[in-house]
Each structure stands twice: as C-alpha cells, then as structure tokens.
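In what follows, chains carry the letters A, B, and so on, assigned in the order in which the sequence lines appear, proteins first and then strands, with residues in each chain numbered from 1.
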Amino acid sequence: MSVRVRYAPSPTGLQHIGGIRTALFNYFFARANGGSFILRIEDTDRERSTPEALEDLYSTLEWLGINYDEGPGKDGGFGPYVQSEREQLYKDKAAELISSGKAYPCFCSSERLDVIREEQKAAKKSIGYDRYCRGLSPDEADARIKAGEKYVIRLKVPLEGKTVFDDIILGQTGRKNKDINPDPVILKTDGFPTYHLANVIDDHAMGITHIMRAQEWIPSGPLHVLIYEAFGWKPPAYCHLPMVMGKDGQKLSKRHGSTSVSDFRKNGYLPEALVNFVSLLGWSYDDSREFFSMEDLCSLFSLEKINKSPAVFDYKKLDWFNGQYLRMKDPEELKEMLLPLLAGEGLISNPPSSGERGIFNGAFNIIRERLKLLNDVVPMLRFLFTDPGIGNAEDAIPKKMDASEAAKALVLGEKLLLEAADPPDASDEDACEAWDEVMDGRFREKAEKEKLKIGAMLQPLRLAVTASKVSPPLFPAIRLLGLDESLKRIKRLIDTLKNM
RNA sequence: GUCUCCAUCGUCUAGUGGUUAGGACACCGGGUUUUCAUCCCGGCAACGGGGUUUCGAUUACCCCUGGAGAUGCCA
C-alpha cells in the first residue's frame, strides 16, 4: 500500500514554525517513499477561520516549495479537501454513532460546563465533563431535539479498560479509558465537527496511511483510536513528532519573537535556509552532514532518524544557515532579490535606473559576504543612494586621538582624494580594483609618513562618507559614491570636528 | 489536581554494554584585514540523581528529580 500522508492546518492564523515543520516532515516522508502528500483545510472552527489565514497558508507553502499532490484545487478522488465543504458527512457519521450507541446528544449549556469546571478546579479534582447527559434515554433526547433544544454530540468513552496505539517513534503508548477526556464533544452546536471527529473521518475517508503530527496530540491519541473503533475502522500508523520550543523551553509562540513563516520571509530569510534549519529540528541524517536541499530531504528523510525529545528553536543558527545560503546563492538571482528591497525603502527607483543598477552592481561584490539577511542590504548601502547626514561625529575620532587630530587626518585624506584619478566605471571590474589598490597604496604611504595607523587614517573618512562606524570597504565605497560627493561629505565633517 | 511524553555540551545533535563521548551553532582566544563581515586556526563545554542487571553501564530496567504537553462546543 503506498504512503498517503497529510498536512491538515486550520486557517486561524499565520503559518508558524511548528506547523510547517509538521508539513515538511510529512512532505519529505511522502516523497522519500513515493507516496502522496495531501493538503486538507480544517476550517471547522468558524469563529476563528479567516480567508487571510488561508491565503497565508498557500503563499507559505509555495514560498517554501512544498507542492501538495492532492488538496483544494487538486482533486485526487478524495475531495473535497476543505472540511467546511464536508459538513454533511460529519453530521451523518455522528448520527451513525448515536444509533449505534457510541455517542449521545448533550444539552448542557456552556454556562453549566463553566460552573462545574470551576468547582472541579477549586476542589482540585480532575477536570472534565461530568457525563450528565450520558444517561438520558433516547426517547427523552429525541423529544428535546424535536422541541428545538440546542445540543452537541458527545462520544461515549468507555468507563473501563484501556486504549493504546503504537507509535513509530515512541512505541506503544496509551491510557486507561477512565483517564481519557470524559465524553468529549464530537459535533458542536453549530453542526460542525470538532477536530477529533473530523480528523478521524477524513483520514479514514482519504486513505491516510500515516498520521504525522506534533506530540501535543499524544494525549488525544487513544481518543481517536476509540473513534476509529466506534466506526469499526482500523487506525492508520501514528508518528508523533517532537515539539518545537522557544528558548525558555516552552512551546514556541509569538512571545519568543518571529514565529510565522511570513515574518521570516519579510525579515529577509531564504526559504532554503529555513527549510534546511527546520528539517534539523528533531531529525538528523548522520553525525556530520547538515546541509540539505529540498531535493536531498525528499530522498534522504526517514522516520527512524526522528528523535523523541523536544527541540529548541535557535534563531542564531538559523541566521548562520541564512548567511551560508546567501553566499551560495547565484549572484544574479541574489541581485534581483536585493534591488526591490532598496526600492522599497525609496533608496532607488522602481524599476531601478541604469545608473542605480550600475552603482548597485559595483557594490554587490563588497556587500555579498557581509549579508546575513537580505534586508541587511538596506543599511549597508543607504549611504550610496542618499545623504546619510553626519551621523555621530564622535565616532569619527579614532582611539587615542582628539577631534582636531581626527580633522587633520581627514584633511590628509581629502588631499589624497583631490589628487586621485577619476574612478572608472563600476562595470570595469579590473580598472576598479586597480583604482582601489592605487588609493590603498597612497593612503598607506601617507599614513606612514605621518606616523598614523592606517586605521586611524581611514576611520574618520569612513564616518564622513557613510555616517557609520561600520561600512563596506572604504575605497570601493568612495569610488561608487563619486569623488565630488565624497569630498563634500568629508568637508562637512571636517567643519564639524573643528567646532568640537 | 489528574493523565501522558521527554532527559548527551548553553542550543541542534551523533554515538556505543568497554570511545580521549564526535560534529555544528553560540561563546572565548589567535591569524588574515581598513571598520564590519567573511575565511583560517585553537579553546571552552555534556551523558540530571539514586538503585538494579552486568566483569563493565552514558547505553538495558526501576525509582526520583526536572522539563514539557494535554485536560475546550481551538486545532
């Protein structure tokens, strides 16, 4: 039997790291085994489901490169794949469970439920439904339904015995039936199923062979098995994935920082970096390899290498991966990703003029290895496309020097630049390199003569030109900015320093 | 409260009944360098505790402790 797995998110918020980790693992598993990966939308919570969340789901999957074989808009004979479009099925099935005595209608108000929950909490008793309606006779129940009373349908969880399931990762696990959530709601007042019912019905109907989901679902595993049994179905194989935690060891959530994929995208992460990093959360290949492309993962992934313990999401390591992938990226492709970011900040026009493009191309090589995030390009190159002002003039003063000495160093630099040849066009790489070298030589020579460290000579200049203590290499920066503009900024800083 | 799961460096992890317990990130040094970054070299750093089995347990079993999750008409 060929593998069929699914990712079944509920469109109630942005896709987050935990969710896509589950999606990815399912996807890898399907691909590695020649199976099918199915996308199912679990929108049975009508209060919280939103079209925006749905849109985010699709764009996230696409951005990451997860292609589903079956799902909304891609019928594989098991549709529809949106649960709200399967409403009747759940109602019918729930009714079936009532007739077979495996479930019963419950008329308790949510107010009453709140009250008993409070009482249980106060008494430090175990919390759950008190099965008040379980004993109602079918006739009475029917009558109340006919009278128009609101009701839910609850599963009749056996009072005795034990329900277990085999988990591929954890082995056999389960709990005593008396410890299972007492008679959980399977069909809500609004006629929609809860997760428990819908997931079982659909996984069965859609021929799902392996349920791969996060470990937070372990406690309801036995409950689901009970539902399968109530229908007389055989449960699929279970495989509970270790959870993804924040730095504090708690389940990863917003308060740990960015957790939605769209945030990472917005902040300048590459999908290949995110995929690679996330794939290593709870899974590993061997003791050394850690770079994996989507294709690699789709062939190398295996369940045996998943481990049991939760993994902390390490933002620093993700950053490192991103830097690695940024440097591996095809230069032309990377440029096309960077330009819109500059345009987005209003630093260049959109589309870029040929002049802007020329300057950017010239700058590309010197910023490339400095990028950790795509967005880093903006602060790095801002000075090239707009006057950054003076910045913090204090930063222009090298260690063990004062303002007037810094000004003197600047004047020396100014003079050298005044004598400099016009910089070549940025497209002539050899000439540019040569120009940079000539300048470097002259500055060193001068610094030596003046008994200055080369750094002390260049640091004030850096601040003058870029308004920042850190910048791309200085001579290329000056060359790209142009001598006139550079000199203007240098003069301005000299004046400022003299007045300090 | 009850139930369930988990436990190797700070983090992600590899690993084995006998290993100097390996790698990566982070961190700290050093080198390259014009600042930053890259790159290179080096360092720090772990089997939670107690028992049992065993000639020998980080590895198997039990208990404890610690952490997490579930306990919704959310998934």
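- Contact annotation for A:K251: backbone-only contact, meaning every heavy-atom pair under 4.0 Å involves sugar-phosphate atoms and none involves a base.
- Pairing partner, B:rU32: none, since no Watson-Crick or wobble contact has both distances short of 3.5 Å.
- Closest contact between the side chain of A:T194 and the listed nucleotides B:rC74, B:rA70, B:rU35 involves B:rC74.
- Contact annotation: the side chain of A:C239 never approaches that of A:H210 to less than 4.5 Å [non-hydrogen atoms, C-beta and beyond].
- Counting any heavy atom pair closer than 4.0 Å across all strands shown, A:K316 reaches sugar-phosphate atoms only and no base atom.
- Remark: the A:Y325 side chain and the A:N276 side chain contain an N/O donor-acceptor pair separated by less than 3.5 Å.
- A:G174 comes within contact range of the sugar-phosphate backbone alone, with a heavy-atom separation under 4.0 Å but no base atom that close.
- Going from atom CG of A:L252 over to atom P of B:rC12 covers 12 Å, rounded to whole Å.
- Taking atom CD of A:E304 as the reference point, atom P of B:rU13 lies 17 Å away to the nearest angstrom.
- The partner of B:rG1 is B:rU71, by the rule that a Watson-Crick or G-U pair needs both atom distances under 3.5 Å.
- Separation of the C1' atoms belonging to B:rA46 and B:rA14 is 13 Å when rounded to the nearest angstrom.
- Cation-pi contact between A:R112 and A:Y132: present, with separation from the ring centre below 6.0 Å and deviation from the ring axis of at most 45°.
- Here A:Q324 lies in heavy-atom contact (under 4.0 Å) with sugar-phosphate atoms only.
- As judged by a 4.0 angstrom heavy-atom cut-off over every strand, A:Q250 is placed among residues touching the sugar-phosphate backbone only.
- Not one side-chain nitrogen or oxygen of A:K162 sits closer than 4.0 Å to the OP1 or OP2 atom of B:rC3.
- Atom CH2 of A:W320 and atom C1' of B:rC27 are 16 Å apart (whole Å).
- Counting any heavy atom pair closer than 4.0 Å across all strands shown, A:T173 reaches sugar-phosphate atoms only and no base atom.
- In this structure, A:Q459 atom CD and B:rC36 atom C1' are separated by 10 Å, rounded to whole Å.
- Listed candidates were B:rC73, B:rA75, B:rG69. Nearest to the side chain of A:E42 is B:rA75.
- Note on A:S284: only backbone sugar-phosphate atoms sit closer than 4.0 angstrom, heavy atoms only; bases stay farther off.
- Note on A:Q120: every side-chain N or O is 4.0 Å or more away from OP1 and OP2 of B:rG72.
- Taking atom C1' in both B:rG56 and B:rU16, the straight-line distance is 13 Å, to the nearest Å.
- Of the candidates B:rA14, B:rC5, B:rG1, B:rA14 carries the atom nearest the A:K305 side chain, counting heavy atoms from C-beta on.
- Distance CG (A:N365) to P (B:rA37): 20 Å, rounded to an integer number of Å.
- Distance A:Y195 OH to B:rA70 C1': 13 Å, rounded to the nearest Å.
- A sub-4.0 Å separation between OP1 or OP2 of B:rC74 and a side-chain N or O of A:K188 is present.
- With P as the reference atom, B:rU20 and B:rU13 are 27 Å apart, rounded to whole Å.
- Among the atoms of the strands shown, base atoms are found under 4.0 Å from some heavy atom of A:V152.
- For the 3.5 Å distance criterion, the side chains of A:N181 and A:Y129 fail to qualify, holding no donor opposite an acceptor.
- The distance from atom CG of A:L241 to atom C1' of B:rC5 is 14 Å, rounded to the nearest whole Å.
- Across the C1' atoms, B:rG66 and B:rG72 are found 28 Å apart, a figure rounded to whole Å.
- The side-chain tip of A:R382 does not point at the ring of A:F385 from less than 6.0 angstrom away and within 45° of straight on.
- Considering only side-chain atoms of A:D314, the nucleotide from B:rA75, B:rU2, B:rG10 that sits closest is B:rG10.
- Taking every side-chain heavy atom of A:E290 into account, B:rA24 is the closest of B:rA68, B:rA24, B:rC73.
- Contact annotation: side chain of A:K317 to base of B:rA24, donor-acceptor pair present below 3.5 Å.
- Across all strands shown, A:P472 has heavy atoms under 4.0 Å from base atoms, whether or not it also approaches the sugar-phosphate.
- At a cut-off of 3.5 Å, with distance as the only test, a side-chain donor of A:Y104 or A:D183 sits close to an acceptor on the other residue.
- Each of B:rU2, B:rG72, B:rC25 was ranked by its minimum atom distance to the side chain of A:R117; first place goes to B:rG72.
- Distance noted for atom C1' between B:rC28 and B:rU59: 32 Å (whole Å).
- Ring geometry, A:F107 versus A:Y151: the interplanar angle falls from 30° to 60°, so the pair is classed tilted.
- Salt bridge A:K329/A:E272: present, at least one basic N to carboxylate O contact under 4.0 Å.
- Across the protein-nucleic acid pair, A:R154 atom CZ and B:rC73 atom P stand 6 Å apart, rounded to whole Å.
- Across all strands, A:L187 comes closer than 4.0 Å to no nucleic acid atom at all (heavy-atom distances).
- Across all strands, A:M457 comes closer than 4.0 Å to no nucleic acid atom at all (heavy-atom distances).
- Taking 3.5 Å as the limit, the base of B:rC73 and the side chain of A:T189 contain a donor-acceptor pair of atoms between them.
- Among the heavy atoms of the strands lying under 4.0 Å from A:N307 are primed sugar atoms or P, OP1, OP2 only; no base atom is included.
- Salt bridge status for A:D376 with A:R370: absent, with no side-chain N to carboxylate O gap under 4.0 Å.
- Of the candidates B:rG1, B:rU8, B:rC12, B:rC12 carries the atom nearest the A:V312 side chain, counting heavy atoms from C-beta on.
- Rounded to the nearest Å, the gap between the C1' atom of B:rA21 and that of B:rC3 is 36 Å.
- Taking atom P on both nucleotides, B:rC25 is separated from B:rG43 by 15 Å, rounded to a whole Å.
- If you check every strand for non-hydrogen atoms under 4.0 Å, A:F475 touches a base.
- The side chain of A:L170 sits closest to B:rC6 out of B:rA70, B:rC73, B:rC6.
- With P as the reference atom, B:rC55 and B:rU8 are 29 Å apart, rounded to whole Å.
- Nucleic acid contact for A:K469: base, since at least one base atom lies under 4.0 Å from a heavy atom of the residue.
- When Watson-Crick and G-U wobble pairs are counted only if both distances are under 3.5 Å, B:rA60 pairs with B:rU52.
- Listed candidates were B:rC5, B:rU38, B:rC12. Nearest to the side chain of A:A311 is B:rC12.
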